[in-house]
Protein chains: 2
Amino acid sequence: MEDQFIKTSSLIGDPTRASILWTLMDGRAFTATELAVSVNTSPQNISMHLGKLLDADLLCVEKQGRHKYYRFSNKEVAYALEAMASLVPKPEVSLKNKPENYPPIKFCRTCYDHLTGKIGVAVTDSLLEQEIIVEKNNAFEISKEGEKWFSDLGINLEEAQKQKRIFLKPCLDWSERRNHIAGSVGTLLFNKMINEDWLRKTENSRAIIVTGKGEAALLKYFKIVV
Amino acid sequence: MEDQFIKTSSLIGDPTRASILWTLMDGRAFTATELAVSVNTSPQNISMHLGKLLDADLLCVEKQGRHKYYRFSNKEVAYALEAMASLVPKPEVSLKNKPENYPPIKFCRTCYDHLTGKIGVAVTDSLLEQEIIVEKNNAFEISKEGEKWFSDLGINLEEAQKQKRIFLKPCLDWSERRNHIAGSVGTLLFNKMINEDWLRKTENSRAIIVTGKGEAALLKYFKIVV
DNA sequence: ATCATAGTTAAGCGCAGAATGAACTATTGC
DNA sequence: GCAATAGTTCATTCTGCGCTTAACTATGAT
């Protein structure tokens with residue numbers, strides 16, 4: 001077992017491969033060429049590395065015409081990489097740091113049952129911005145206007161408040177290093193988005209794709225440009 | 001963030017360092033020399049690698065006289081390594097494989113609230129051997145004699161059966177690749193062992209140490225030689 | 001004091017394995 | 001058919017980084 005572990009870790013440990021895996025972390029499938037561009041290396045080199053990752057069963061491929069789409073072969077891979085990512089030394093963050101302007105969002109992930117990734121953070125930012133939720137000593141609270149906003153959306157907060165589970169809490173996203181909403185409110189919002197087909201789950205990963213309908217809705221309700 | 005991730009993964013990815021981390025996985029602290037022996041390399045080399053792991057805050061040291069004891073600096077490290085270990089390609093296992101004779105047990109880990117690691121597996125084996133629990137189509141059941149055994153130990157099974165959570169289920173240990181008991185029965189057994197001071201929790205890791213009292217008890221109740 | 005053991009630091013070598021170059025197959029579009 | 005794009009294979013080059021040799025400090029034992 002030990003040497004197997006060592007093999008796997010050196011497989012992941014190579015800078016180029018680590019970069020490939022990092023790129024795939026958003027859950028989408030990428031073609032070989034896309035990955036080559038993303039990690040800034042040659043096609044042959046990418047091909048070699050992808051071969052090794054396939055052999056180790058970390059990735060799988062789907063052929064579509066002359067393209068080959070690579071993605072994680074199962075969600076354990078994503079979990080492991082997330083766990084590794086959580087180990088990176090935390091930079092000294094000043095609280096004054098302005099949140100940067102995020103580039104258009106292409107993807108999001110789920111943190112089991114609520115939204116995370118770029119979208120999760122953006123949604124949370126938007127709710128704060130619109131003062132639908134407000135931060136109070138490291139916790140989130142729903143404002144008066146917020147209650148109206150949620151009921152307009154068709155989300156019944158009274159229901160949620162009755163549940164045993166935590167109603168609303170911030171949850172730190174490991175990659176964005178930003179808070180996003182979790183708790184039953186996070187779940188309700190997430191389910192709403194799925195049910196309305198704004199978002200769609202993917203098969204083998206925790207990735208979520210944004211539908212065309214979703215793009216419009218995100219813009220309308222959250223002023224988020226996808 | 002990406003380059004930070006790459007740095008961390010190549011840090012873990014080096015074969016020697018991976019072997020060090022693997023050794024430390026049991027949760028105990030090791031001296032530099034012990035690690036050098038364990039991973040079969042020179043003291044200088046170990047020193048260099050340990051330095052890097054310290055810099056990255058994956059390990060921490062405690063000085064005792066002329067010895068330096070190294071261990072994981074926090075449990076996230078162990079979690080990440082476990083997640084990575086779960087990625088190793090599964091060998092074709094024949095079900096006929098006899099369980100090997102395990103060497104004396106020096107450590108165990110907890111799977112959040114029940115026993116795992118060598119002891120967890122050994123305890124489970126013992127319960128099966130003594131027919132206190134029996135395997136039935138991939139599930140565990142408690143036998144007639146088993147019920148007496150548990151009540152003799154002072155564990156109230158009726159209580160546990162009333163609980164909402166799963167009563168008794170096998171849980172695959174990632175490193176031993178063997179089943180051990182989880183569910184509320186696993187938890188009860190684990191708590192019993194902690195309360196009786198057979199086992200003792202350690203501070204910063206998921207490691208559990210076996211006390212002298214525990215050694216005797218494990219021998220008596222489970223015929224396990226620690 | 002002296003010797004042994006534990007661990008660190010610095011400098012140069014050596015090699016596994018990543019990157020490159022060139023030649024190849026496969027699919028799409030015209 | 002031909003050209004263009006996507007991806008792979010193999011032989012060769014090259015280089016980063018781990019390992020060693022050697023000299024060092026520190027603690028403990030006699």
Side-chain angles (χ1 to χ4, degrees), chain A residues 2-24 28-73, chain B residues 2-24 28-73 88-89:
Chain A
E2 174 171 2
D3 47 347
Q4 298 269 2
F5 172 78
I6 293 175
K7 268 187 199 163
T8 304
S9 53
S10 37
L11 195 76
I12 300 174
D14 172 75
T16 305
R17 284 190 292 267
S19 184
I20 293 173
L21 294 169
W22 181 261
T23 305
L24 291 172
R28 287 182 299 164
F30 284 73
T31 67
T33 313
E34 283 172 336
L35 288 169
V37 171
S38 165
V39 311
N40 193 32
T41 186
S42 65
Q44 320 91 287
N45 203 26
I46 274 289
S47 185
M48 189 257 309
H49 287 300
L50 289 175
K52 294 190 177 184
L53 292 168
L54 283 177
D55 282 344
D57 205 39
L58 295 188
L59 301 188
C60 61
V61 222
E62 205 171 330
K63 204 176 173 183
Q64 269 176 39
R66 56 178 164 179
H67 293 280
K68 281 187 167 185
Y69 285 93
Y70 291 85
R71 57 182 166 77
F72 294 150
S73 57
Chain B
E2 173 172 1
D3 48 347
Q4 298 269 2
F5 172 78
I6 293 175
K7 269 188 199 162
T8 304
S9 52
S10 37
L11 194 75
I12 300 174
D14 171 75
T16 306
R17 285 191 291 268
S19 184
I20 293 173
L21 294 169
W22 181 262
T23 305
L24 291 171
R28 287 182 299 164
F30 284 74
T31 66
T33 313
E34 282 172 337
L35 288 170
V37 172
S38 165
V39 311
N40 192 31
T41 186
S42 65
Q44 320 89 288
N45 202 26
I46 274 289
S47 186
M48 187 259 306
H49 287 301
L50 289 174
K52 293 188 180 183
L53 291 168
L54 283 176
D55 282 344
D57 206 38
L58 295 187
L59 302 187
C60 61
V61 221
E62 205 171 329
K63 205 176 171 180
Q64 268 176 41
R66 55 177 166 178
H67 293 280
K68 281 187 166 184
Y69 285 93
Y70 291 85
R71 56 181 167 76
F72 293 150
S73 57
V88 317

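Every chain is numbered from 1, with letters handed out A, B, ... down the list of sequences. Here the structure is a predicted model, which means the values were calculated and not measured.
Dashed line: the shortest gap from a side-chain N or O of A:Thr16 to OP1 or OP2 of C:dA19 is under 4.0 Å. Using a 4.0 Å cut-off, no side-chain N or O of B:Lys68 falls inside it from OP1 or OP2 of D:dT27.
Rounded to a whole Å, the CZ atom of B:Arg17 is 12 Å from the C1' atom of D:dC19. A straight line from CE of A:Met48 to C1' of C:dA16 spans 12 Å, rounded to a whole angstrom. To the nearest angstrom, P of C:dA19 lies 9 Å from CD1 of A:Ile46. With rounding to whole Å, A:Asn40 atom CG is found 14 Å from C:dT20 atom C1'. In this entry the distance linking CD1 of B:Ile6 with C1' of C:dA18 reads 14 Å, nearest Å. With rounding to whole Å, B:Tyr70 atom OH is found 4 Å from C:dT8 atom P. Between B:Asn45 atom CG and C:dA6 atom C1' the separation is 16 Å, expressed in whole Å.
A:Ser19 places no side-chain N or O within 3.5 Å of a backbone atom of A:Pro15 that could act as its donor or acceptor partner. Checked by atom type and distance alone, the side chain of B:Ser47 never pairs as donor or acceptor with a backbone atom of B:Pro43 at under 3.5 Å. Side-chain N or O atoms of A:Ser38 include none that pairs as donor or acceptor with a backbone N or O of A:Glu34 at under 3.5 Å.
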- Task: Give the C-alpha distance, both sets of side-chain angles, the deciding distance and a yes or no for side chain to side chain contact (heavy atoms under 4.5 Å, CB included) between B:Leu50 and B:Val61.
- Result: CA-CA 10 Å; B:Leu50 289 174; B:Val61 221; over 6 Å; no
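The side chain of B:His67 sits closest to C:dA6 out of D:dT20, C:dA6, D:dT8. Comparing D:dG18, D:dT8, C:dG7 by their closest approach to the side chain of B:Thr33 singles out C:dG7. Candidate nucleotides C:dA18, C:dT8, D:dG18 were compared by shortest atom distance to the side chain of A:Asp14, and C:dA18 ranks first.
Between A:Ser73 and A:Cys60 the shortest heavy-atom distance is CA-SG, 3.8 Å. Here the closest non-hydrogen pair linking A:Ala36 and A:Ile46 is CA-CG1, 3.3 Å. Summarising the geometry of B:Ile12 relative to B:Leu21, their closest heavy-atom pair is CG2-CD1, 3.9 Å, with the distance given to 0.1 Å.
Counting only heavy atoms from C-beta outward, the side chains of A:Tyr70 and A:Leu54 approach each other to under 4.5 Å.
When heavy atoms are screened at a 4.0 angstrom cut-off, B:Tyr69 is found touching no nucleic acid atom at all.
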Name the pairs: protein N/O against N/O of nucleotides 21-30 of chain C, kept only if under 3.5 Å.
{"unit_1": "C:dG21", "atom_1": "N7", "unit_2": "A:Gln44", "atom_2": "NE2", "d": "2.6"}

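Heavy-atom distances under 4.0 Å link DNA chain D to B:His49, B:Lys52 of residues 49-62 of chain B, given in residue order.
Residues in residues 51-62 of chain B take part in these salt bridge (Lys or Arg N to Asp or Glu O under 4.0 Å) pairs, two or more places apart or across chains: B:Glu62-B:Arg71.
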